[in-house]
Amino acid sequence: MDTIHLSEYRKIVALTGAGVSVASGLPTYRGPDGIWDDDVVKYAMAETWNEDPLGVWQQFARLRSGLLDAVPNAAHHALVDLQQRLSPSQELHLITQNVDGLHQAAGSEPVIELHGNLRRTRCSESNCESEAFSDLTVEFTVLPICEQCGGILRPDIVLFGEPLSWHVERDATHALRGCDLFLAIGTSGTVTPAANFVRSANYEGARTVLVNLEPMDPRNPYFDAEVLGRAEDVLPGLFA
């Protein structure tokens, strides 16, 4: 497809997935080199947190350690550049499935983090008023405890079987309302609720474009166009 002419659009929504961060040295979750083996999947379940919170910490601390040396790549920077090129009458809403914090590190702001951020820790007690905080601890032999309420601290991410936070759902819904260009970048688009976003955008009358390394199989009828390639190669030249 041709380059996308930014002047034709007022409200742009970009949904990003793990493919955006591959060039930063972070693996995807699915596919031949994905990290979702049976062990990782087990410890990504909410029920496992209830049964073995220390095991969950140890598993995700291993993943967190992989973030320590990761830096934003050309795909992250291209989205920052896109935001900076918009006129005052245009908007870019960035929604990510990633938990690596690299969009913020590149300079994107704000970012709607669907699944949280592995660089943060929060209290597991829902009635605790303490806030999530930056935390890059990667070794856990005992469970960390909240200083405010005495509850168990946990990674500030959404585990399988847990709902998204209400404010994240609100922000994503607001972003999609009235959008006229929807981009899904580096994501298979198979995990809900993100899998439903392209349909919502299509209903809004938006142009919908998938940027991904592999073609859709089966094809998602709600996407108008596919751009195949690595996100770090495609994005810098996609917007005219």
Side-chain angles (χ1 to χ4, degrees), residues 15-22 24-70 94-105 111-126 128 130-146 151-169 171-172 184-197 212-214 231:
L15 169 69
T16 65
V20 168
S21 296
V22 169
S24 297
L26 302 181
T28 58
Y29 294 101
R30 293 170 176 80
D33 298 318
I35 62 172
W36 282 133
D37 57 28
D38 291 342
D39 207 33
V40 173
V41 170
K42 172 186 174 182
Y43 285 102
M45 305 295 291
E47 61 187 49
T48 306
W49 170 260
N50 296 328
E51 299 167 358
D52 183 14
L54 183 58
V56 171
W57 258 123
Q58 291 171 338
Q59 185 66 240
F60 278 97
R62 181 175 66 85
L63 299 181
R64 178 185 275 179
S65 66
L67 303 181
L68 299 184
D69 296 325
L94 180 54
I95 307 173
T96 188
Q97 297 170 283
N98 298 339
V99 296
D100 53 42
L102 290 179
H103 283 301
Q104 293 93 325
V111 179
I112 302 172
E113 296 176 313
L114 292 179
H115 301 147
N117 192 319
L118 194 52
R119 298 174 186 263
R120 293 194 305 261
T121 293
R122 65 175 174 86
C123 183
S124 61
E125 297 296 326
S126 59
C128 181
S130 63
E131 296 184 356
F133 59 92
S134 177
D135 181 17
L136 294 178
T137 306
V138 295
E139 293 186 11
F140 293 90
T141 55
V142 296
L143 286 170
I145 300 300
C146 175
I152 300 173
L153 294 176
R154 57 166 287 174
D156 189 20
I157 57 174
V158 178
L159 300 173
F160 288 117
E162 293 180 329
L164 302 187
S165 67
W166 67 268
H167 61 86
V168 164
E169 288 194 288
D171 292 347
I185 307 163
T187 174
S188 63
T190 58
V191 178
T192 57
N196 300 323
F197 290 170
N212 204 28
L213 187 59
E214 299 177 347

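All residue numbers in this chain count up from 1 along the given sequence.
Looking at every heavy atom in both residues, Asp100 comes nearest to Ser21 through OD2-OG, 2.7 Å. Nearest heavy-atom pair across Ala46 and Glu162 is CB-CG, 3.6 Å.
Every residue meeting the salt bridge (charged side-chain N to carboxylate O under 4.0 Å, His left out) condition with Asp135, not counting sequence neighbours, appears here in chain and number order: Arg64. In this structure Asp171 satisfies the salt bridge (charged side-chain N to carboxylate O under 4.0 Å, His left out) test with no other residue, sequence neighbours excluded. Shown here are the side-chain contact (heavy atoms from CB on, under 4.5 Å) partners of Ser130, two or more places apart in sequence or in another chain: Cys123, Cys128, Cys146, Gln148. Applying the side-chain contact (heavy atoms from CB on, under 4.5 Å) criterion to Glu47, with sequence neighbours excluded, gives Met45. Shown here are the side-chain hydrogen bond (donor to acceptor under 3.5 Å, both in side chains) partners of Asn117, two or more places apart in sequence or in another chain: Glu113. For Gln58, the side-chain hydrogen bond (donor to acceptor under 3.5 Å, both in side chains) criterion is met by no residue, not counting sequence neighbours.
At least one side-chain heavy atom of Trp57 sits less than 4.5 Å from a side-chain heavy atom of Trp49. Taking the side chain as every heavy atom from C-beta outward, Asp52 and Leu54 approach each other to under 4.5 Å. Here the side chains of Arg154 and Arg122 are in contact, with some heavy-atom distance below 4.5 Å. In this structure, Val168 and Val158 have side chains that are not in contact, with every pair of non-hydrogen atoms separated by 4.5 Å or more.
In this structure a side-chain-to-backbone donor-acceptor pair under 3.5 Å is present from Ser124 to Ile152. The main-chain N or O of Leu67 is found under 3.5 Å from a side-chain atom of Arg119 such that the two form a donor-acceptor pair. For Ser65 (side chain) and Arg62 (main-chain N/O), a donor-acceptor pair under 3.5 Å exists by modelled atom type.
Residue Leu15 holds its CG atom at 7.5 Å from OG1 of Thr96, rounded to the nearest 0.5 Å. Note that CG of Leu114 is 13.5 Å distant from CD1 of Ile157, once rounded to the nearest 0.5 Å. Taken from CD in Gln97 to OG1 in Thr16, the straight-line distance is 7.5 Å, to the nearest 0.5 Å. Taking OG1 from Thr187 and CG from Leu213, the interatomic distance works out to 13.0 Å, rounded to the nearest 0.5 Å. Note that CD1 of Ile185 is 11.0 Å distant from CD1 of Ile95, once rounded to the nearest 0.5 Å. Here the CG-CZ distance, from Leu136 to Arg120, works out to 12.0 Å after rounding to the nearest 0.5 Å.
Under a cut-off of 6.0 angstrom, the local environment of CD in Glu51 is crowded, with over 12 non-hydrogen atoms contributed by other residues, nucleotides or ligands.
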